[in-house]
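Side chains are part of it too, since the values below use all heavy atoms of this structure and drop only hydrogens, waters and symmetry mates.
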Amino acid sequence: MFSSFSASSARRRGVARLAAGTLVSGLVAAVALATAGTAVADETPQSQGGATATIGDLKTYGSAVIHADGADSWVSAGLFEMSVDSGGMLQTYCVDLHNPTQQDAKYQETPWSGTSLNGNKDAGKIRWILQNSYPQVNDLAALAKKAGVGSLTEKDAAAGTQVAIWRYSDGADVEAVDAPAEKLADYLYKSARNLAEPKASLALEPAAVSGRAGERLGPVTVHTNADSVTVTPPSDATADGVKIVDENGKEITSAVEGSRLYFDVPIDSADGSSSLTVHASTTVPVGRAFTSETRSQTQILAGSSESMVTATATANWAEKGAIPALSAEKNCAEGGVDITAANAGDEAFSFELMGIEYTIEAGTSQAVTIPLQEDQEYGFTINGPSGFVKHFKGVLDCEVQGGTSDISTQTVSEPSPATVGGTSDGGTDLAETGSTSATPFIAGIAIGLVVIGGAAVLFVRKKAAPTQD
């Protein structure tokens with residue numbers, strides 16, 4: 001067992017939350033990229049590394065009521081548990097009140113910039129609440145004294161903490177039903193102070209590098225709160241002879257925070273690409289956000305056992321010509337996805353994106369923000385020289401839903417509590433609520449983008465390419 005988790009909360013599965021129905025219209029924008037050769041694209045979510053987990057039950061919870069639009073809506077408020085891939089458990093609260101939680105949804109540790117916390121001036125106060133309440137504070141008697149109540153149960157503590165978080169994450173007018181939980185919520189809300197965003201449990205930067213065979217490609221810098229990480233070298237057939245080395249050229253199998261990793265590619269290697277993976281066992285920092293590519297509600301970490309975390313970086317090499325390195329990251333500030341293309345070759349890399357042609361000169365890097373509408377799925381493929389192919393997919397989930405017009409009222413006496421932030425909708429199955437059919441990928445073109453709304457504007461930035469040592 002681990003101290004930040006409750007050992008006595010009962011197991012109960014929440015019923016469905018009613019998803020807000022939205023009707024959107026838009027256009028499909030097809031754009032082509034200059035290609036040479038063919039290959040099967042790998043599907044790459046916009047992952048920054050860290051923990052990946054599957055959400056489970058709402059474990060420890062009480063009741064709350066939302067006041068909005070002249071109506072009251074009853075919800076369950078408390079802690080979820082998540083099972084970490086390859087081992088470990090997490091506890092999380094919701095920071096996305098009106099969005100449904102999908103049963104067994106997969107989640108990825110995510111920077112605040114890729115979530116609804118982006119631009120929220122009170123996001124740091126949520127982290128303060130997490131660090132100063134349950135389950136980080138297991139002494140409920142001490143917590144009750146600070147809140148000015150006689151006593152707190154685990155359910156009171158979880159409900160009060162969640163209510164205080166919703167007031168900052170969603171700007172909700174929400175109260176805990178039980179008096180001790182409500183007093184705790186008021187204490188936490190009024191006492192909260194802004195804290196900085198916690199760093200990732202594990203990440204590699206940049207996520208993609210490129211260069212010529214015979215060189216050390218990189219550096220790829222390790223960022224982690226673990227004491228050390230295990231480095232797994234490339235194992236695919238195209239990476240025959242490729243080693244992972246440090247800046248002195250020494251082959252390495254472990255690294256620490258700040259370590260700089262390089263792909264050492266033999267000079268006689270055929271044009272190709274590969275990847276390295278780093279693993280670590282660590283506790284994920286409290287306050288890290290977790291998002292799902294299936295629109296399941298955004299979560300924020302309240303407690304972590306010792307958990308396995310991973311991160312991956314790729315390398316692309318060639319003898320001559322353009323040598324691209326591509327990565328993608330959600331950019332909620334601009335309402336889209338950043339595609340960063342670096343060119344470590346000796347020729348320019350040209351491509352056309354949404355009718356606009358871009359040229360990345362040798363030794364430079366350029367980032368293009370692809371604007372998308374909130375909650376829209378996307379999938380696009382980028383092809384390059386010598387059969388280079390990169391495919392990215394995901395869903396843009398940057399905003400919280402406001403109002404309660406789409407929430408059905410649930411009384412506290414009703415059986416089967418709703419999941420955090422949701423309510424009973426008369427028997428809708430959890431797996432149906434919030435589910436969506438995937439937007440089909442557009443075939444026969446280099447990039448297929450689903451862009452909803454009016455004319456799309458591209459935000460272009462230039463920056464120096466990663467140093468090639």
Side-chain angles (χ1 to χ4, degrees), residues 1-7 42-57 59 79-93 101-112 114-115 127 130-131 135-136 197-208 220-236 244 252-261 274-294 296 298-314 327 329 394:
M1 293 298 296
F2 33 99
S3 60
S4 62
F5 271 51
S6 166
D42 61 320
E43 294 187 354
T44 308
Q46 277 65 77
S47 168
Q48 304 304 304
T52 56
T54 301
I55 198 164
D57 294 339
K59 301 295 293 184
L79 279 165
F80 279 106
E81 274 194 9
M82 287 189 183
S83 299
V84 180
D85 297 351
S86 302
M89 296 293 293
L90 309 175
Q91 277 189 316
T92 60
Y93 287 106
T101 301
Q102 294 186 6
Q103 186 177 9
D104 298 327
K106 297 288 290 184
Y107 279 79
Q108 171 68 50
E109 184 180 341
T110 305
W112 289 358
T115 75
R127 188 186 180 196
L130 293 167
Q131 290 186 336
Q136 287 300 306
E197 176 180 1
K199 295 180 180 179
S201 61
L202 180 59
L204 294 175
E205 186 180 7
V220 175
T221 303
V222 176
H223 298 292
T224 185
N225 69 339
D227 293 335
S228 65
V229 302
T230 300
V231 179
T232 302
S235 59
D236 49 301
I244 304 304
I252 58 175
T253 57
S254 64
V256 297
E257 162 64 23
S259 292
R260 291 153 61 94
L261 312 180
S274 192
S275 63
L276 69 86
T277 302
V278 293
H279 310 264
S281 179
T282 187
T283 55
V284 182
V286 170
R288 290 295 289 173
F290 281 78
T291 59
S292 169
E293 296 298 348
T294 57
S296 192
T298 303
Q299 304 283 312
I300 194 164
L301 188 75
S304 170
S305 72
E306 193 79 6
S307 299
M308 292 301 299
V309 295
T310 63
T312 300
T314 61
S327 60
E329 182 178 0

#### Entry: Nearest-0.5 Å distance that lies between atom NZ in K59 and atom OG1 in T92
12.0 Å
### Summary
Heavy-atom closest pair (A226 atom, S281 atom, distance to 0.1 Å) is CB-O, 4.4 Å
### Task
Any chance you could lay out the side chain to side chain donor-acceptor pair (under 3.5 Å) test for T115 and T110, step after step, and finish with the verdict?
CA-CA 8 Å; T115 75; T110 305; over 6 Å; no
### Task
Could you pull out the closest heavy-atom pair between A289 and W112, with the gap in Å?
CB-CD1, 4.0 Å
### Task
Under the side chain to side chain contact (heavy atoms under 4.5 Å, CB included) rule, what do L90 and Y107 come out as? Steps first, then yes or no, please.
CA-CA 11 Å; L90 309 175; Y107 279 79; over 6 Å; no
### Message
Between E81 and D57 (side chain of the first, backbone of the second, donor and acceptor by atom type, cut-off under 3.5 Å), is there such a pair?
### Response
no
### Query
If you look at every heavy atom in S305 and M89, which pair is closest and at what distance?
OG-N, 2.8 Å
### Task
State, with a plain yes or no, whether a side-chain heavy atom of L79 is found less than 4.5 Å away from one of Y93.
yes
### Summary
All heavy atoms of L202 vs all of A280, minimum pair found to be CD2-N, 4.3 Å
### Task
Looking only at non-hydrogen atoms, find the nearest pair between V220 and A313 and report the distance.
CG1-CB, 3.9 Å
### Task
Please report the C-alpha distance between E257 and H223 in whole Å, then the side-chain angles of each, then the deciding distance to 0.1 Å, and finally whether the side chain to side chain contact (heavy atoms under 4.5 Å, CB included) criterion is met.
CA-CA 5 Å; E257 162 64 23; H223 298 292; 3.7 Å; yes
### Message
Ignoring hydrogens and geometry beyond distance, is a side-chain donor-acceptor pair present between E109 and S201 at under 3.5 Å?
### Response
yes
### Query
Looking at T232, T230, T310, which hits side-chain hydrogen bond (donor to acceptor under 3.5 Å, both in side chains) with H279?
T232
### Query
Quick one: do the T221 and E205 side chains pair a donor with an acceptor below 3.5 Å?
no
### Query
Among side-chain atoms of S292 and T294, is any donor-acceptor pair under 3.5 angstrom?
yes
### Message
Under the rule for side chain to side chain contact (heavy atoms under 4.5 Å, CB included), what residues qualify as partners of S86, not counting sequence neighbours?
### Response
M308
### Query
Taking atom types as modelled and ignoring hydrogens, do the side chains of S228 and S254 form a donor-acceptor contact shorter than 3.5 angstrom?
no
### Task
Check whether any side-chain heavy atom of L204 lies under 4.5 Å from a side-chain heavy atom of V222, and answer yes or no.
yes
### Message
The criterion is side chain to side chain contact (heavy atoms under 4.5 Å, CB included); which residues satisfy it with V231, sequence neighbours excluded?
### Response
I244, A255, L261, V278
### Task
Decide yes or no on side chain to side chain contact (heavy atoms under 4.5 Å, CB included) for F290 and I55, but give the supporting numbers first.
CA-CA 10 Å; F290 281 78; I55 198 164; over 6 Å; no
### Message
Tell me every residue that passes side chain to side chain contact (heavy atoms under 4.5 Å, CB included) with T54, counting only those two or more places apart in sequence or in another chain.
### Response
D85, D104, K106
### Query
Judged by atom type as modelled, is there a donor-acceptor pair below 3.5 Å linking the side chain of S304 to the main-chain atoms of T283?
no
#### Entry: Any side-chain heavy-atom pair of E197 and R288 under 4.5 Å
yes
### Task
Over all heavy atoms of both residues, which pair between A311 and G49 is shortest? Give the atoms and the distance, please.
CB-CA, 4.0 Å
